[in-house]
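These notes are about the structure you will find just below.
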Amino acid sequence: MLTDIKRIGILRALNLGDLLCAVPAFRALRAAYPGAEISLIGLPWSRAFQSRYRQYIDEMIEFPGYPGLPERDCDIDSIPVFINDMRSRRFDLLLQMQGKGTIVNPLIHAMKARYTAGFRPDKTEGLFLEYPDRLHEIHRHLSLLKHLDIPVQSSALEFPLNAADYAAFGEINDGLTEHQYICIHPGSKGAWRQWPTPYFAAIADYLAEKGYKIVITGVPSETGIAEEVLRYMRYPAVNLAGKTTLGSMAVLLQKARGLVSNCTGVSHLAAAIHTPSLVISMDGEAFRWSPLNTQLHQVVDWTKHQEYDYVIKQCESLLERTEYVLL
């Protein structure tokens with residue numbers, strides 16, 4: 001393990017699910033360097049993430065984007081300013097946790113940290129590990145820490161809740177009884193990851209027939225998808241799409257009987273707060289993103305099982321196996 005590390009930077013300018021899957025690595029990093037100042041270099045929204053995980057991340061530094069990265073439009077003029085700022089911080093250790101490194105590794109090296117580590121697309125070299133394509137996202141980043149001789153702890157996710165989250169939930173809760181409703185989340189960041197809305201409507205009706213209240217959820221950009229599901233449904237449902245904060249969504253899930261969603265940020269949120277879920281994986285990467293707790297979460301790889309009846313059977317199995325969460 002590297003010694004005399006006082007300032008650590010982590011490049012992970014990605015979305016909710018990506019950051020949640022990195023929490024076990026953040027936790028291990030903090031345990032290894034309890035006195036270090038750890039900075040997350042991320043997208044603007046990550047300020048809310050950092051404030052929730054202050055025990056692991058001390059600071060959020062806004063990433064201006066970079067040519068070839070899709071997560072944010074790049075302001076070319078801001079890149080030299082950003083690099084100079086990173087150099088002035090004099091990181092002892094700078095971790096590239098953005099991806100294979102094909103695009104960003106030159107940028108990382110330009111920041112001139114004392115030690116630079118991360119992933120590279122081909123062979124392992126020095127502190128850089130060959131990107132392990134077939135590992136789960138959680139284990140991928142833990143493998144990087146192992147490569148640096150940093151002790152790895154649990155692979156479990158976590159999502160701290162606070163009083164403000166419960167207060168925000170109280171403002172949107174209109175008669176929902178704990179464990180008597182199921183959340184249906186039909187949206188995702190990419191359209192290719194979205195199970196067809198008629199299927200979401202059909203499984204929502206199936207669950208409504210079993211006596212559960214149905215709550216449709218989504219971020220503000222997904223209100224149209226939520227309304228489409230409602231139009232296909234035969235049973236009434238509560239539509240909270242666009243009405244939740246990240247914190248109130250977490251509380252909503254915590255009190256739910258379960259979640260049905262695409263493989264997207266909310267599925268990792270459910271995993272972090274231990275809410276049973278049925279996740280539909282549309283992109284053939286279930287091995288990478290599936291919740292690790294297979295007792296509490298059921299994943300359907302739609303590239304292998306494109307039958308609605310199969311999904312219903314998995315839903316039935318999940319409800320039976322997770323009955324204990326109500327005890």
Side-chain angles (χ1 to χ4, degrees), residues 8-30 38-53 56-57 60-66 68-74 94-105 107-108 117-119 121 129 131-145 155-160 185 187-194 219 221-222 246 249-250 253 261-273 277 279 281-292 297 299:
I8 300 173
I10 305 167
L11 175 61
R12 193 155 176 81
L14 297 168
N15 297 303
L16 176 62
D18 305 282
L19 288 187
L20 286 174
C21 285
V23 166
F26 297 159
R27 185 168 57 230
L29 194 62
R30 172 57 77 200
I38 301 178
S39 302
L40 172 65
I41 304 168
L43 300 176
W45 83 269
S46 302
R47 297 187 191 283
F49 180 90
Q50 181 270 325
S51 67
R52 192 173 294 273
Y53 291 90
Y56 306 138
I57 307 292
M60 205 293 283
I61 301 170
E62 186 171 333
F63 181 64
Y66 195 69
L69 296 183
E71 287 77 21
R72 187 179 190 187
D73 291 337
C74 175
L94 185 58
L95 294 174
Q96 188 279 99
M97 297 174 66
Q98 184 74 16
K100 290 186 177 182
T102 307
I103 295 172
V104 298
N105 280 356
L107 173 66
I108 287 288
F119 297 108
L129 178 67
Y131 190 75
D133 269 308
R134 297 302 300 180
L135 277 185
H136 191 282
E137 189 72 6
I138 294 172
H139 294 145
R140 175 177 291 123
H141 297 286
L142 292 177
S143 73
L144 174 61
L145 298 195
S155 60
L157 301 186
E158 59 182 273
F159 189 85
H185 193 97
S188 70
K189 192 71 175 178
W192 65 93
R193 290 180 176 171
Q194 293 172 7
V219 299
S221 62
E222 295 167 346
L246 178 58
M249 182 67 205
L253 286 174
S261 77
N262 296 298
C263 188
T264 188
V266 71
S267 64
H268 304 294
L269 187 58
I273 59 176
S277 67
V279 180
S281 175
M282 301 290 292
D283 58 8
E285 290 195 317
F287 71 92
R288 179 180 176 185
W289 298 106
S290 296
L292 296 178
H297 309 282
V299 177

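Since this is a predicted model, take the numbers as computed values, not measurements.
Residues L246 and L16 are in side-chain contact: their nearest non-hydrogen atoms beyond the backbone lie under 4.5 Å apart. With a 4.5 Å cut-off on side-chain heavy atoms, N262 and W192 do not count as touching. Here the side chains of K100 and N105 are not in contact, with every heavy-atom distance at 4.5 Å or above. I10 places none of its side-chain heavy atoms less than 4.5 Å from the side chain of I41. Counting only heavy atoms from C-beta outward, the side chains of L129 and S143 approach each other to under 4.5 Å. A heavy-atom distance below 4.5 Å is found between the side chains of S155 and L142. At a threshold of 4.5 Å between non-hydrogen side-chain atoms, the residues S261 and S267 count as touching. At least one side-chain heavy atom of L40 sits under 4.5 Å from a side-chain heavy atom of F49.
The structure places OG1 of T264 at 8.5 Å from CD of Q194, a figure rounded to the nearest 0.5 Å. Atom CG of L19 is separated from atom CD of Q50 by 11.5 Å, given to the nearest 0.5 angstrom. Between atom CG of residue L107 and atom CG of residue L11 there is a gap of 7.0 Å, rounded to the nearest 0.5 Å. Remark: L292 CG to C21 SG distance equals 8.0 Å, nearest 0.5 Å. In this structure, I57 CD1 and R52 CZ are separated by 14.5 Å, a value rounded to the nearest 0.5 Å.
When ring centroids are compared, F26 and Y56 stay outside the 6.0 Å threshold. For W289 and H268, the distance between ring centers is under 6.0 angstrom.
Scanning all heavy atoms of the two residues, the minimum distance from I138 to P24 falls at CG2-CG, 3.8 Å. Of all heavy-atom pairs between R27 and A156, the closest is NH2-O, 2.7 Å. Nearest heavy-atom pair, L144 versus Q96, reported as atom, atom and distance to 0.1 Å: CD2-O, 4.3 Å. Smallest separation of non-hydrogen atoms from M249 and H185: CE-ND1, 4.4 Å. A pairwise comparison of heavy atoms in A270 and H297 identifies O-CE1, 3.9 Å as the closest pair. Counting all heavy atoms, side chain and backbone alike, P291 lies closest to V299 at CD-CG2, 3.5 Å.
In this structure, R72 is not positioned above the aromatic face of F63 in the sense of NZ or CZ being under 6.0 Å from the six-membered ring centre and within 45° of the axis.
Residues that satisfy the salt bridge (charged side-chain N to carboxylate O under 4.0 Å, His left out) test with E71, not counting sequence neighbours, are absent from this structure. Applying the side-chain contact (heavy atoms from CB on, under 4.5 Å) criterion to I103, with sequence neighbours excluded, gives Y66, L69. Q98 pairs by the side-chain hydrogen bond (donor to acceptor under 3.5 Å, both in side chains) definition with nothing, not counting sequence neighbours.
Atom CG of D133 has more than 12 neighbouring heavy atoms from other residues, nucleotides or ligands inside a 6.0 Å radius.
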Can you list the steps and then say if L20 with Y53 is a side chain to side chain contact (heavy atoms under 4.5 Å, CB included)? CA-CA 10 Å; L20 286 174; Y53 291 90; 3.4 Å; yes

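At distances below 3.5 Å, not a single donor-acceptor pair connects side-chain atoms of R140 with backbone N or O atoms of Y131. Checking side-chain atoms of S290 against main-chain N and O of A286 turns up a donor-acceptor pair under 3.5 Å. In this structure, D18 contributes its side chain and N15 its backbone to a donor-acceptor pair below 3.5 Å. Side chain of D283 to main chain of R193: no donor-acceptor pair is present (N/O by atom type, distance under 3.5 Å, no hydrogens or angles). A donor-acceptor pair under 3.5 Å links the side-chain atoms of S188 to the main chain of G190, judged by distance alone. No side-chain donor-acceptor contact under 3.5 Å links R288 to the backbone of H136.
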